[in-house]
Amino acid sequence: MSKQVERLQESENGAKVSIAVYILMAGLKLGVGLFFNASSLIADGFNNFGDVISSIAMLIGLRTSRIPPDDNHPYGHWKAESIASLLTSFIMILLGMQVLTNAIGKILSGELTAPNPLAGIVGLISAMVMWGVHRYNLNLSYKTHSKGLKAVAKDNLADALTSLATAIAIFAASFSLWWVDYVMALIVGGIILKTGVEIASENMFSLSDGFNQQLLNEYRASVIKINGIQQIVSLKARMYGNNIYVDITIVVSGNMSVQESHDLTEEVEELLFKQFDVMHTDVHVEPASMH
């Protein structure tokens with residue numbers, strides 16, 4: 001089993017944990033929120049319900065990424081993870097807009113009712129649970145280098161913050177500050193919307209073959225130190241899911257043998273893999289006489 005596939009399988013565990021927790025939290029928040037008429041808790045519950053869909057989409061994307069290359073996909077299906085992450089961001093954006101619309105509508109209509117403080121306990125418990133899930137998925141995303149799971153972790157953090165905001169709003173209602181519940185519903189919607197836009201922007205950048213210029217500079221600085229390389233003509237990189245593909249053209253002495261140039265390309269590949277976790281490197285060698 002390849003290292004990439006092993007990482008995807010580990011990433012799937014994070015998506016499965018998120019699905020299980022979100023189903024539990026969504027049902028609990030919606031039930032308690034509707035019973036006690038807590039607007040921000042209901043908003044948070046709908047957010048978690050959307051997160052169930054997002055996490056399922058991410059799980060499907062991770063599993064699709066593991067499908068071996070075929071005639072139509074000679075480079076494999078690695079980008080399925082980024083596509084799933086992008087879909088997750090769209091769902092978050094739609095949910096954020098819906099929560100904001102509902103909160104504004106209730107404020108304008110004058111539908112203001114103080115929620116029961118017991119609903120705040122649910123929000124507080126949810127905040128602690130989601131913070132734990134966030135840390136688990138974030139650590140796992142660093143271990144597996146999964147952008148998709150990192151997006152899930154960001155969503156988990158947004159949920160932890162919104163649940164905390166929900167709890168604060170409901171407890172504030174105990175001091176007759178009932179309007180805080182609706183203000184927090186607006187904040188919840190804003191956080192969901194902002195997180196969705198950030199995740200969408202990151203994945204669009206990756207899917208359009210955008211790449212971090214700082215990383216390219218680091219690759220160049222390390223490769224040029226290899227004995228035998230006189231110049232780096234070009235250096236490009238792109239992402240396939242959580243895998244980095246590098247294309248590099250180097251200049252070597254015109255007197256270098258084919259075997260020596262081949263050994264040099266392997267040295268470049270090994271360096272980029274060990275130092276920067278670059279999974280695929282395509283090295284093109286040119287003799288110095290051409291430059």
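From a predicted model like this one, the values you see are computed outputs, not experimental measurements.
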Problem - Sidechain-backbone polar pair: Asp70 side chain, His73 backbone, donor-acceptor under 3.5 Å - result: yes
Completion exercise
Hits for side chain to side chain donor-acceptor pair (under 3.5 Å) against Ser18, two or more places apart or cross-chain, chain-then-number order -> Asn137
Problem - Residue list, salt bridge (Lys or Arg N to Asp or Glu O under 4.0 Å) with Lys225, at least two apart or on another chain - result: none
Handout entry: Heavy-atom check, side chain of Leu86 versus side chain of Met204, under 4.5 Å
Key = yes
Problem - Greater than 12 external heavy atoms within 6.0 Å of Met128's CE - result: yes
Problem - Donor-acceptor pair between Lys79 and Ser65 side chains, under 3.5 angstrom - result: no
Practice task
Check the surroundings of atom CZ in Phe49: do more than 12 heavy atoms from other residues, nucleotides or ligands lie under 6.0 Å from it?
Solution key: no
Completion exercise
side chain to side chain donor-acceptor pair (under 3.5 Å) filter on Ser146, not counting sequence neighbours, yields Glu81
Problem - Ala160: side chain to side chain contact (heavy atoms under 4.5 Å, CB included) partners, not counting sequence neighbours - result: Met130, Trp131
Handout entry: Residues that His284 engages under ring-ring contact (aromatic ring centres under 6.0 Å, His included), provided they are two or more places apart
Key = none
Scan the side chains in residues 20-28 for donor-acceptor partners under 3.5 Å anywhere in the protein, sequence neighbours excluded, and list what turns up.
{"unit_1": "Tyr22", "atom_1": "OH", "unit_2": "Asn156", "atom_2": "ND2", "d": "2.6"}
{"unit_1": "Tyr22", "atom_1": "OH", "unit_2": "Asp159", "atom_2": "OD2", "d": "2.5"}

Practice task
Name all residues meeting the ring-ring contact (aromatic ring centres under 6.0 Å, His included) criterion together with Tyr240; count only those two or more places apart in sequence or in a different chain, and write none if there are none.
Solution key: Tyr75, Tyr245
Exercise for the section: Might you confirm whether atom NZ of Lys16 has over 12 heavy atoms from other residues, nucleotides or ligands at distances under 6.0 Å? Expected result: yes
Problem - Cluster link Ile125 to Val122, ILVMFWY, side chain under 4.5 Å - result: yes
Practice task
Find out whether Ile67 and Trp78 are in side-chain contact, i.e. whether some heavy atom of one side chain is under 4.5 Å from a heavy atom of the other.
Solution key: no
Practice task
List for me each residue that meets side chain to side chain donor-acceptor pair (under 3.5 Å) alongside Ser234, sequence neighbours excluded, and say none if there are none.
Solution key: Thr249
Practice task
Could I get the full list of side chain to side chain contact (heavy atoms under 4.5 Å, CB included) partners for Leu34, not counting sequence neighbours?
Solution key: Ile42
Problem - Pair Glu12 + Arg63: basic N to acidic O under 4.0 Å - result: yes
Problem - Leu138 backbone acceptor or donor facing Ser141 side chain under 3.5 Å - result: yes
Handout entry: Partner residues of Ile83 under the side chain to side chain contact (heavy atoms under 4.5 Å, CB included) criterion, sequence neighbours left out
Key = Leu207
Completion exercise
Minimal heavy-atom distance between Val246 and Ala237, with the atoms involved, is CG2-CB, 3.9 Å
Practice task
For the pair Asp209 and Lys236, find out whether any cationic side-chain nitrogen is under 4.0 Å from an anionic carboxylate oxygen.
Solution key: no
Completion exercise
To the nearest 0.5 Å, atom CD1 of Ile93 lies from atom OG1 of Thr88 at 11.0 Å
Practice task
State whether the number of non-hydrogen atoms from other residues, nucleotides or ligands found under 6.0 Å of Glu270 atom CD is greater than 12.
Solution key: no
Handout entry: Ion pair check, Lys274 and Glu269, cut-off under 4.0 Å
Key = no
Practice task
Answer whether the closest heavy-atom distance between the side chains of Pro74 and Pro69 falls below 4.5 Å.
Solution key: no
Exercise for the section: Locate the shortest heavy-atom distance separating Thr101 from Met97; write the atom from each residue and the value. Expected result: OG1-O, 2.7 Å
Problem - Ser222: side chain to side chain contact (heavy atoms under 4.5 Å, CB included) partners, not counting sequence neighbours - result: Leu271, Gln275, Phe276
Handout entry: Under the side chain to side chain donor-acceptor pair (under 3.5 Å) test, residues paired with Gln230 that sit two or more places apart
Key = none
Exercise for the section: Spell out, as yes or no, whether a donor-acceptor pair under 3.5 Å connects the side chain of Glu202 to the backbone of Ile199. Expected result: no
